[in-house]
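Hydrogens, waters and symmetry mates play no part in the numbers below; they use all other heavy atoms, side chains included. Chain A is the first sequence line, chain B the second, and so forth, proteins listed ahead of strands; every chain is numbered from 1. Treat the numbers as computed from the prediction; the structure is a model and nothing was measured.
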Number of protein chains: 2
Amino acid sequence: MKFAKIPMATISRLSIYSRTLQELMEEEVDVISSERLAKQCAVNPAQIRKDLAYFGEFGVRGVGYRVGDLLNQIKEILGLNRPWNLGMVGVGNLGSALIRHANFLRHGYVFTAAFDVDPQKVGRRLPSGVVIKHLEEVDEVVKDRDVHVGVITTPSSAAQSVANQLVLAGINGILNFAPIQIQVPNCCHVENVDFTIKLDSIAYHLSSNG
Amino acid sequence: MKFAKIPMATISRLSIYSRTLQELMEEEVDVISSERLAKQCAVNPAQIRKDLAYFGEFGVRGVGYRVGDLLNQIKEILGLNRPWNLGMVGVGNLGSALIRHANFLRHGYVFTAAFDVDPQKVGRRLPSGVVIKHLEEVDEVVKDRDVHVGVITTPSSAAQSVANQLVLAGINGILNFAPIQIQVPNCCHVENVDFTIKLDSIAYHLSSNG
DNA sequence: ATAATTATGTGATATTCTTCACATTAATTT
DNA sequence: AAATTAATGTGAAGAATATCACATAATTAT
């Protein structure tokens with residue numbers, strides 16, 4: 001399904017395009033030009049066309065892109081034409097907030113499992129119906145609940161060890177909220193979400209100019 | 001304080017270096033080479049040296065970098081040698097989890113204000129002691145509580161309007177968790193945190209190879 | 001039918017970012 | 001004191017990414 005070497009940045013932008021297209025659909029917009037879409041996504045119009053060109057021709061010259069079609073095509077490209085099951089590791093403040101957070105479901109991601117090591121938490125049933133399991137049981141639960149992606153919200157100190165266990169349990173994708181660079185074999189793809197890095201970036205910009 | 005045009009990516013990496021250096025300090029490591037630091041940060045050693053070279057010379061040839069010194073220098077560069085006050089807008093699941101989340105405090109970020117539009121929430125006092133204010137009062141509260149950066153965790157539909165109000169209230173930095181590209185004047189710096197984009201990226205990688 | 005208009009798709013160009021490779025400098029050893 | 005070793009700092013090369021500019025194709029108007 002993959003042709004040339006696709007820039008990482010292209011993939012991220014496809015997500016952004018899909019978000020905007022979803023909104024446009026809800027506003028019942030039928031057709032949109034790369035120029036207007038670009039403005040809403042805060043990118044260059046040629047960028048959108050280039051990004052799409054890696055995968056084929058999806059527009060109509062002189063007209064633009066059919067919103068619904070393009071959205072479907074992008075979802076197809078990203079592999080979002082199927083459900084993805086998530087397993088949360090670390091059911092603290094952040095973890096339980098994320099499980100309840102509507103955006104995941106809205107984009108087709110479902111938490112089918114949750115893990116912790118705190119005996120007080122293990123066995124508790126979350127509002128979503130998921131029962132918190134002990135991390136020791138990760139192998140079975142990943143198979144039982146068909147977990148595809150692990151989401152780590154443990155303290156940094158535990159993150160690497162958790163990642164190791166997830167990989168051993170057959171997980172190939174990890175979304176890591178711990179502010180540490182975890183090391184995994186090539187078979188596994190890690191994405192990091194670190195808000196404090198973003199805040200540092202804001203701090204820099206607010207400090208360094210005048 | 002800024003010299004050449006510094007790559008955005010350099011700034012993000014400086015944050016990562018600082019996280020690792022902080023850990024190294026706690027492990028009482030005195031000196032580290034770019035090679036060993038690079039391995040821990042999962043980057044190229046030359047990258048670290050280049051990144052630092054934008055701002056000066058911080059190492060000792062033949063030796064490496066003094067951990068404590070380098071950490072201080074990086075914090076200085078990023079503008080982290082002072083406290084930064086945050087104002088949360090949207091005290092839902094995610095918002096309140098973030099306010100309680102220890103990582104912000106650990107890196108010198110404090111929530112000194114919180115806003116919502118839900119009358120049920122306005123007036124409530126959070127565990128941290130911060131009282132939730134109505135968004136209408138944003139102008140006064142930003143001044144009173146000396147808020148530097150706004151953190152948006154509202155639904156997407158409200159995010160742009162919230163951003164406008166923050167900018168009018170004098171805020172120049174926004175951390176946006178809503179999955180939408182908000183438009184702001186140049187004086188304001190926005191950073192986006194969108195986990196579903198990261199998940200899409202994972203989905204793509206898990207789908208497209210074999 | 002033909003011309004005019006519009007907006008895509010894409011080769012060429014420009015820019016930005018990363019890595020290499022080595023000269024430079026500090027410390028250590030002989 | 002000279003030679004050796006080690007690791008930084010950096011110009012140059014390379015790779016990746018973004019933008020331009022225009023040929024191409026679809027639609028609309030004459």
(request) Please list, by residue number, the residues of residues 37-47 of chain A whose heavy atoms come closer than 4.0 Å to an atom of DNA chain D; answer none if no residue qualifies. (result)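 Nucleic-acid contacts, sorted: Asn44(A), Ala46(A), Gln47(A).
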(request) Not counting sequence neighbours, which residues clear side-chain hydrogen bond (donor to acceptor under 3.5 Å, both in side chains) with Asn72(B)? List them please. (result) none
(request) Can you sort out the partners of Ser34(B) under side-chain hydrogen bond (donor to acceptor under 3.5 Å, both in side chains), two or more places apart, ordered by chain and number? (result) Arg49(B)
Identify all side-chain donor-acceptor contacts of residues 187-197 of chain A below 3.5 Å with residues at least two apart in sequence or on another chain.
from: His189(A); atom 1: NE2; to: Glu191(A); atom 2: OE2; distance (Å): 2.8
from: Glu191(A); atom 1: OE2; to: Ser201(B); atom 2: OG; distance (Å): 3.1
from: Asn192(A); atom 1: OD1; to: Asn176(A); atom 2: ND2; distance (Å): 2.9
from: Asp194(A); atom 1: OD1; to: Thr196(A); atom 2: N; distance (Å): 3.0
from: Asp194(A); atom 1: OD1; to: Thr196(A); atom 2: OG1; distance (Å): 2.7
from: Asp194(A); atom 1: OD1; to: Ile197(A); atom 2: N; distance (Å): 3.4
from: Thr196(A); atom 1: OG1; to: Arg19(B); atom 2: NE; distance (Å): 3.4
from: Thr196(A); atom 1: OG1; to: Arg19(B); atom 2: NH2; distance (Å): 2.7

Going by number, which of [range] have a non-hydrogen atom under 4.0 Å from DNA chain C?
| range | value |
| --- | --- |
| residues 59-67 of chain A | Gly59(A), Val60(A), Arg61(A), Gly62(A), Val63(A), Gly64(A), Tyr65(A) |
| residues 186-199 of chain B | none |
| residues 20-34 of chain A | Ser33(A), Ser34(A) |

(message) Using five pairs at each end of the helix from dA1(C)-dT30(D) to dT30(C)-dA1(D) to define an axis, what is the angle between those two axes, to 10°?
(response) 0°
(request) Would you grab the first and last nucleotide of DNA chain C (5' to 3') that comes under 4.0 Å of any non-hydrogen atom in chain B? (result) dC17(C) to dA27(C)
(request) Not counting sequence neighbours, which residues clear salt bridge (charged side-chain N to carboxylate O under 4.0 Å, His left out) with Glu26(A)? List them please. (result) Arg106(A)
(request) Quick one: list whatever passes salt bridge (charged side-chain N to carboxylate O under 4.0 Å, His left out) with Arg13(A), sequence neighbours left out. (result) Asp51(A)
Anything under 3.5 Å between a donor and an acceptor, one on a side chain of residues 134-149 of chain B, the other on a protein residue two or more places apart or in another chain? List them.
from: His134(B); atom 1: ND1; to: Glu136(B); atom 2: N; distance (Å): 3.0
from: Arg145(B); atom 1: NE; to: Thr112(B); atom 2: O; distance (Å): 3.0
from: His148(B); atom 1: ND1; to: Asn85(B); atom 2: N; distance (Å): 2.9
from: His148(B); atom 1: NE2; to: Arg82(B); atom 2: NH2; distance (Å): 3.3

